[in-house]
Amino acid sequence: MELTDRCTQLALLEHRLADLLRPAGRLADDRPLTVLTGPVGGGKTTLLQAFARRVAGSGVRFLAASASRAERTVPLEVIRQLVRAAPLGNGDRDRLGRLLDRGTLAWGDADDQDLEDPARTTAALGGALVELAGRAPLVIAVDDVHHADMPSLRCLDFVARRIAGLPVLIVLTESPRTRPWHPEVYAELLQPARLHRIRLPLLTADGTYRLLAARLGAPVARSIADECHEVTAGNPLLVQALGDDHLAATERPLDRPVVGEAFREAVLSCLYRCEHLVLKAARALAVTGEPLHGNLLSHLVDVRAESALRAIDGSTSGGLITDDGLRHPVVAQAVLDGMTAEERARLHRQAACLLHEDGTAPERIARHLVRTEELGEPWMAQTLLDAGEQALVDGDPGTALRYLRRANRDCTDACLRARIRSALARAEWRLDPQAAVPHLLSVASAVRAGHLSSRQAASPIQYLLWHGQIDKAVELVHHLGERADSADPGSAAALAITKGWMSTLYPGVGANRPMPAPAIRDPLTLAKVKRRLQGVSLLTAVLERGDAGVIDDAERLLSTNRLDDERNMWTAICALVATVYADRLELAGDWSEKLGGTPAAHRQPTPAAMIAAVKAAVAGRLGDLSRARDLADAALTQLSHKGWGVVIGIPLAVRLRALTLMEELDAAGGCLQVPVPQTMFETPFGLHYLHARGLYALATGSPEAALADFQLCGQLMTSWRLDLPALVPWRTESARALLRMGRRAQAEKLVREELARLRPTHVRYRGLALRVLAAAGDGPDRVQHLRAAVRLQRQCGDRAELAHSLSDLGHVYQEAGDLRQARDATRAARALAQECGIPLLRPGRTAGGGGPGEAASEAAVVDGLSDAESRVATMAAQGHTNREIAEKLFLTVSTIEQRLTRIYRKLDVSSRSDLAVRLRLGRPGPAPTGHGAAPSTPDEPPR
């Protein structure tokens, strides 16, 4: 070990040696004993060895011995080592050998009442050493004297009392102890009058750096020295071990020390060299994580004298123990690694029992119960359940799972086990809803057996709804309703709340599967039900009335409800969704970021995934299609597809719609390959999925399939009495599909019916309907409708729809001959389309679904052409003249002719008819915007 921060102490020893070498041959202060005091691992032995080298260089005789705990019961072992090192003649050596043998036998046979003969032997040995000391200057050194056997201590004391005036220096090293091995003899030897004490403190931060620099080099030492000092408290043995681990590591972090095998061995070495009480205390502290002076330690180490525990500190433990417990978590881990599994389990069980007897909170006891071998007492499983439920309230499902799984493993009581499985379902659902399914089956059986109340079964029933098991959920609600105790307001409230959630998630459940209506007369219970369902009520108010005035209530709920507690979580999610349906998208986005950034969201994947889905929906409604796609992808990857249950309709619909509008139709088609529960179509989530699927069908040229999806939305919403445009504007979307099918009159009738139903607050849906109405009409009103649509879409922030409306408006202006306004509108449309991630907007695109379909076809067949060339090729294949193409694309005829020449050459065709065949595009039918395309023209050459 490097001799660092020990120069002062070595100088003091050298000064004592210089006194010994003076002509007078005696110590200046007549104190023959020098004691080096320092914690275990503090470098005392290293310092003593350095001093021994100085003594050897001066010509002074040096006798050394080392005591150890293993030999503290061997009489005269330290003196035997000194005699063995002494330069004696054969006669003296034989004489002292006989004395040692006789003394060993005498001390071995002696008892406390008969020490006369051992004392005479000790005196004879001491006299021999004094005689040896008188011949020439002498240094006697004993390392770890606190472990020396009692006869050796008595002999050293005999020598120390008789060497006054002789050229003799006795140097001892000791570590601070909670109490000496032989307190009376030890105190007699180390009398202050004859003692010169030199203290070796632990290394300073600078000393730690210098010790590491000597081992690792200055740059590395500088980066890790501070943390090394924090971990080791400057114990040289531990610092050196960290340096060894850093050198041995294959991957070395730049600014962190490496904690490996050398450090763990060094920690255990320090503790084994300390007193057994310190080792026991360190193990108890590592297991409990308690402070040094907590109420558990004295019981766990079985020490009644508080003075003994108070003596444990940094000096008696080598810097490993402080008032707060073990110095650092890596020290605690090293101590734990040095224990057997049985030792750890025994201490954990003892700690749990002691804490239980003291009436400690369950979560503090549960930390120990999870590490015991068995739960032999009835209170243990109940304590783990209580602690697990509290962890759920605190938003820590990972910890809850540890407690609940341990309780479930050993619990034998049927009712208690049912409650544990119910809590397990709640914990599993927050981390992975699919993992909760096995527990839901057990909970259902427990409800039928009467082992769970309505309150205990409420959350698992909601999870059944999440997974689409509506029949089983309704059955359990009926069962609970039949045996509900009317005198128990809690059960009635739980049933009412469960029924409210069921009606929200499955609007048709009331008509198709009637459920019992709990009779609640108690005002306090009614208030509780109302408070728990305020998120649902808020969402209903926004959907049914378009009531943007409830946004203040939504903000209040969002500010007072977080994701930690499950009840608050559902309220917060509902309030967040209400802001989305109310078109307060900036507010919804802000609150999504706040909720998604909370610690609870980071610890709980399920709420985090739901927040990500809402953020994706907000981005999609704002027209930020690439962000909507990415957020939807992130949400879908946080949970498995099965784990999403029926709620998968939201992120899947957002992703499908975004990809469709971005014309990534192959990827969009992949969304439809994801399996979804059939019962999803009994929920509002299914409506959004059907809507997105209909848009995809329109984009891929299947207006009949699109119309079927949109009309199915209408049928479901009508049967649920939720015919609300904020869910799905199915009439407007059906009109789009009808336009693509050439049924213009029906489309106009349907969209006018939609406009008549819309409220003033339905800005987004009115703008969408007006754009479709403009496409269905034929006359000067189209400009008015499109301008109104543009104004409304700017107001609600729907940039994707705004880009399409501007494109249609530019086309209408162009047909009217107003080329300046047409150019301005088209340029604005293209700029917006680029921002939104829409690859290309061409004049005359449909009012909602035809454009992407055309683009998809072109992208599939016009290989080798640029986007600009693809546009020209498509219009030429559809029969437009060069002049018409130039006017529609705001280019010159010469430019169109040049592009066609390149197109013909690239595709190896010679006429427009060949081009049409090559592109597999037929002649245009009725224009989807309702005002007709240019008639077909005979084939014409490029020029």
Side-chain angles (χ1 to χ4, degrees), residues 16 20 25-27 30-35 55 60-67 71-112 114-174 180-196:
R16 303 286 289 170
L20 197 66
R26 55 181 292 175
L27 298 175
D30 289 330
R31 289 185 291 176
L33 287 180
T34 298
V35 179
V55 173
V60 175
R61 290 177 298 168
F62 186 81
L63 304 183
S66 178
E71 296 173 337
R72 59 171 48 166
T73 58
V74 180
L76 298 172
E77 174 58 31
V78 170
I79 302 302
R80 190 180 298 275
Q81 293 181 45
L82 294 175
V83 169
R84 191 180 298 123
L88 299 172
N90 291 335
D92 290 338
R93 191 175 298 280
D94 291 342
R95 178 172 61 84
L96 290 177
R98 287 191 296 272
L99 282 175
L100 285 169
D101 291 340
R102 189 168 68 235
T104 300
L105 291 174
W107 281 100
D109 295 336
D111 55 31
D112 292 339
D114 183 16
L115 293 177
E116 182 177 349
D117 186 53
R120 285 196 299 268
T121 304
T122 301
L125 285 169
L129 289 176
V130 171
E131 179 187 349
L132 180 64
R135 299 175 184 176
L138 174 67
V139 174
I140 298 174
V142 179
D143 197 15
D144 287 340
V145 71
H146 48 274
H147 288 315
D149 59 278
M150 187 175 68
S152 293
L153 290 175
R154 289 190 179 278
C155 190
L156 287 172
D157 176 56
F158 181 93
V159 173
R161 284 187 280 109
R162 288 168 174 77
I163 59 175
L166 295 178
V168 179
L169 174 64
I170 300 176
V171 181
L172 311 175
T173 71
E174 67 162 359
W181 172 238
H182 297 295
E184 298 84 2
V185 180
Y186 203 68
E188 190 174 347
L189 170 65
L190 302 184
Q191 294 180 20
R194 66 169 73 144
L195 181 66
H196 181 83

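Numbers for residues simply follow the sequence, beginning at 1. A quick note: this is a predicted structure, and the numbers were derived from the prediction, not measured. The figures that follow rest on heavy atoms only: side chains count, while hydrogens, waters and symmetry mates do not.
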(request) Please round to the nearest 0.5 Å and tell me the distance separating atom CG of L33 and atom CG of L195. (result) 6.0 Å
(request) Give, for atom CG of L20 and atom CZ of R16, the distance between the pair rounded to the nearest 0.5 Å. (result) 9.0 Å
(message) So which atom in P32 and which in I163 form the shortest heavy-atom distance, rounded to 0.1 Å?
(response) CB-CD1, 3.5 Å
(request) Can you measure from CZ (R95) to CG (L100) and round to the nearest 0.5 angstrom? (result) 10.5 Å
(message) Tell me if a side-chain donor or acceptor on R162 pairs with a main-chain N or O of G127 at a distance below 3.5 Å.
(response) no
(request) Could you check if a side-chain atom of V185 sits within less than 4.5 angstrom of a side-chain atom of D157, using non-hydrogen atoms only? (result) no
Ignoring hydrogens and angles, write down the donor-acceptor pairs under 3.5 Å from the side chains of residues 78-85, residues two or more places apart or on other chains.
unit_1 : atom_1 : unit_2 : atom_2 : d
R80    : NH2    : T104   : OG1    : 3.1
Q81    : OE1    : S66    : N      : 2.9
Q81    : NE2    : S66    : O      : 3.0

(request) Look up atom CG in L153 and atom CG in L190, then write down how far apart they are to the nearest 0.5 Å. (result) 8.5 Å
(message) Under 4.0 Å between a side-chain nitrogen and a carboxylate oxygen: does that hold for D101 and R98?
(response) no
(request) Can you see which heavy atom on T122 is nearest to which on P151, and at what distance? (result) CG2-O, 4.1 Å
(message) Check whether R194 reaches the backbone of L189 with its side chain - one donor and one acceptor, N or O, closer than 3.5 Å.
(response) yes
(message) Minimum heavy-atom separation for E174 and H146, please, with both atom names.
(response) CA-ND1, 3.3 Å
(request) Tell me, please, which residues at least two apart from E77 pass salt bridge (charged side-chain N to carboxylate O under 4.0 Å, His left out). (result) none
(request) Carefully, step by step, assess L129 and L96 under the rule side-chain contact (heavy atoms from CB on, under 4.5 Å). (result) CA-CA 10 Å; L129 289 176; L96 290 177; 5.8 Å; no
(message) When you measure from the side chain of R72 to the backbone of A67, do you find a donor-acceptor pair of N or O atoms at a distance under 3.5 Å?
(response) no
Considering only distance and modelled atom types, tabulate donor-acceptor pairs under 3.5 Å from the side chains of residues 164-172, sequence neighbours left out.
none

